[in-house]
Amino acid sequence: MNSFAKTCSIIACISINIQTLLLFAQNNLDSIQHINEVIVTGNRYSEVIPSQKLTGKELENLNSLSIADALRYFSGIQLKDYGGVGGIKTVNIRSMGTNHMGVYYNGIQLGNAQNGQIDLGKYSLENIEEISLYNGQKSEIFQSAREFGSAGSIYITTRRPKFAEGKTANLKAGFKAGSFDYINPSVLFEYKLNNNLSASFNAEWINASGKYKFRYRRVTPSGELAYDTTAIRQNGDIDAVRIEGGLQGYFPNGQWKAYMYHYTSERGVPGAIVNNVWRRGERLWDRNSFVQGMFEYDITSKLSTKVNLKYAFDYTRYVNNDDKLIHVDNIYKQREGYISWANKYSILPNWDISIAYDYQWNGLSEYMSVFRNTHWISAATAFSIKNCLKVQAAALATIVNEEARERENAPNKKKVTPAIFLSYKPIRKADFIIRVFYKHSYRMPTFNDLYYTDMGNAYLRPETAKQYNLGFLYDIDRKEHTFSFFRIGADVYYNRVKDKIVAYPKGQQFRWTMLNLGEVEIRGIDAQSMAIFRLPYEIELTAKLQYTYQEAIDITNPADNYYRDQIPYIPWHSGSAIAMLGWKGWSLNYSFIYVGHRYNQQENIRYNYTQPWYTSDISLVKTFKINKTHLKATVEVNNLLSQDYDVILNYPMPKRNYRFGISVEL
């Protein structure tokens, strides 16, 4: 029996046990009194390292199509965007690289063992309740072992069904249209089966030609004008369908959730424009599906257990018909099986410990077949002293075994990585917190890194990273005053990455050029502030500011021309600003993003200089109610000043564009 068959057997056995528990719990629902809405709160140590969050109305009012667009408003984030509705979008945090970023969808990590890149453009904001960003890791010890392994984490939480008194169903339908022939109908249905069991279904269709005007202007290092062209971006079309469904239930001392996700698309991959040569022969087909479940139960008042299960299948077809390049027509199939078992025990009211074990099987097939078995084992503790000092510490063991049929296997790997997090509140009556953490993280090379024909190296070393962070957070909360809320925070950090692997496009977009830079030092500052003003005539003003400074330099070899140069595509300065003005169902929202100059190759010379860019977006939202029907209308103007800019060199972004939307909720 192969590794995946064994995994399936384990998952099947656990699923049967969970189903038995669920049936027992549901059969006893009628004899138990329950409230209409159950609120599950987090562990009391969850704010050791506070997260950056976007929730509720903030998400609704941002001019964002996808989760990747919304993440631009977090400090410390770098976004790679290849333009248009269908352009691939990936993020990394504090220059650590996309592969060090854990992206969790309803509590379970999204994976891509082939190239490690999670395209966040595939995930819509239509049914998202909250997006959270954690530096280091989530400040919670009752979690899967794998969650202790990321250098930074993004948690995406879908909308939890909530029902008004006497209602058993919610229905929401929406329609958006805009520039680039963009149309986006969607529907969300939620149904309450009983007070402790509810179901949800969400679907949307996105279709766009992706054609937009742009200006392509290039100047030689000597200052002479080489090209200055205005044209229409081609091959940026997309036709995509997303379907999600979920069940969630509560029972005495526990809860469970089951979730299904499916995304299918065909899209053009708008190629790079180099020396006034237009590449547009690449096409991409995606089918991404997964099912996952979570079961959590308080065995006693001190002991809790949680099980996560997941199976995922990803199909990708990549075609390059560019007559100037070699014809490519490749199909990649990825499969993933995952199981996690976590347990938490309260030794004292202020002291908890946890232990967790995760197992994951990954398989990739195309012209080659490679398999990876990964085991994670974690032990963690959390305690507090008089609610002033909070401490979390964890150790994670990672064990990786690989099999590459018809190829040389990568050596098996083992690594133990520690982490410690502290927060201190020096003044009891003031919401002022000092926070500090140290973390050692470890990321495996991807299948492409190890085995890809032209660039693979089975003996490529994994990256290791050491993170140091010192910061503070100060809140003023005065709900009855005009100046009702204020928050300011800042973090100074230092990261040292050994055997760093950097992925950036060179030639075909779907293929990544992998560079092992050896050793990288990263120094930076993240700062953020937020204020809420409650003004006369029911006017509310919310303002947010984010700023990031980063120096990420290669320190591998003093003999290199690029020694102590900034690594590609990392700006020294970046930031964002958001202002939201609300009045009696009206909302006027403005957002601004700035990314400073950076370099697109390793050497920081004039020829590789990439100029800064900034963009402004504005939207007007009106919500109103007719009888029991809630309606919302939205008008958006993106890139208000019609700036010409590239996030990635030679991938021009859209100029001024528009979007309109209306939604009805019953």
Result of checking T300, I299, D298 against N253 for side chain to side chain contact (heavy atoms under 4.5 Å, CB included): D298
Distance-minimising heavy-atom pair for G111 and E336: CA-OE1, 3.9 Å
I need the minimum non-hydrogen distance between S75 and Q52, along with the two atoms involved. N-OE1, 3.0 Å
More than 12 heavy atoms from other groups under 6.0 Å of NZ on K466: no
Report yes or no: do K257 and N106 form a side-chain donor-acceptor pair below 3.5 Å? no
I'd like to know if the side chain of D358 reaches the main chain of A145, judged simply by a donor and an acceptor atom lying under 3.5 Å from each other, with no hydrogens or angles considered. yes
Could you list the residues that satisfy ring-ring contact (aromatic ring centres under 6.0 Å, His included) with F74, not counting sequence neighbours? none
Would you check if there is a donor-acceptor pair between the side chains of S663 and E665 at a distance under 3.5 Å? no
F290 meets the ring-ring contact (aromatic ring centres under 6.0 Å, His included) criterion, sequence neighbours left out, with Y261
Enter the distance from W376:CH2 to Q360:CD here, rounded to the nearest 0.5 Å. 4.0 Å
Applying the side chain to side chain donor-acceptor pair (under 3.5 Å) test to R435, which of N469, D491, N135 qualifies? D491
Going through the checks in order, is the side-chain hydrogen bond (donor to acceptor under 3.5 Å, both in side chains) test met by Q143 and K138? CA-CA 9 Å; Q143 60 184 6; K138 187 177 182 181; 5.6 Å; no
Is a side-chain donor-acceptor pair under 3.5 Å present for Y105 with E244? yes
Would you name the heavy atoms of G246 and Y259 that are closest together and state the gap between them? CA-CD1, 3.9 Å
So does K425 pair up with D431, basic N to acidic O under 4.0 Å? yes
Sequence neighbours excluded, which residues qualify as ring-ring contact (aromatic ring centres under 6.0 Å, His included) partners of Y438? Y468
Step by step, work out the side chain to side chain contact (heavy atoms under 4.5 Å, CB included) result for L125 and I131. CA-CA 10 Å; L125 286 172; I131 302 174; 3.7 Å; yes
Ion pair present between E147 and K306, side-chain N to carboxylate O less than 4.0 angstrom? no
Q334 and D314: CA distance, side-chain angles, deciding distance, side-chain hydrogen bond (donor to acceptor under 3.5 Å, both in side chains) verdict: CA-CA 5 Å; Q334 291 189 72; D314 293 342; 4.5 Å; no
Salt bridge between R372 and E402, side-chain N to carboxylate O under 4.0 Å? yes
Taking only Lys NZ, Arg NE, NH1 and NH2, and the carboxylate oxygens of Asp or Glu, determine whether R242 and E126 approach each other closer than 4.0 Å. no
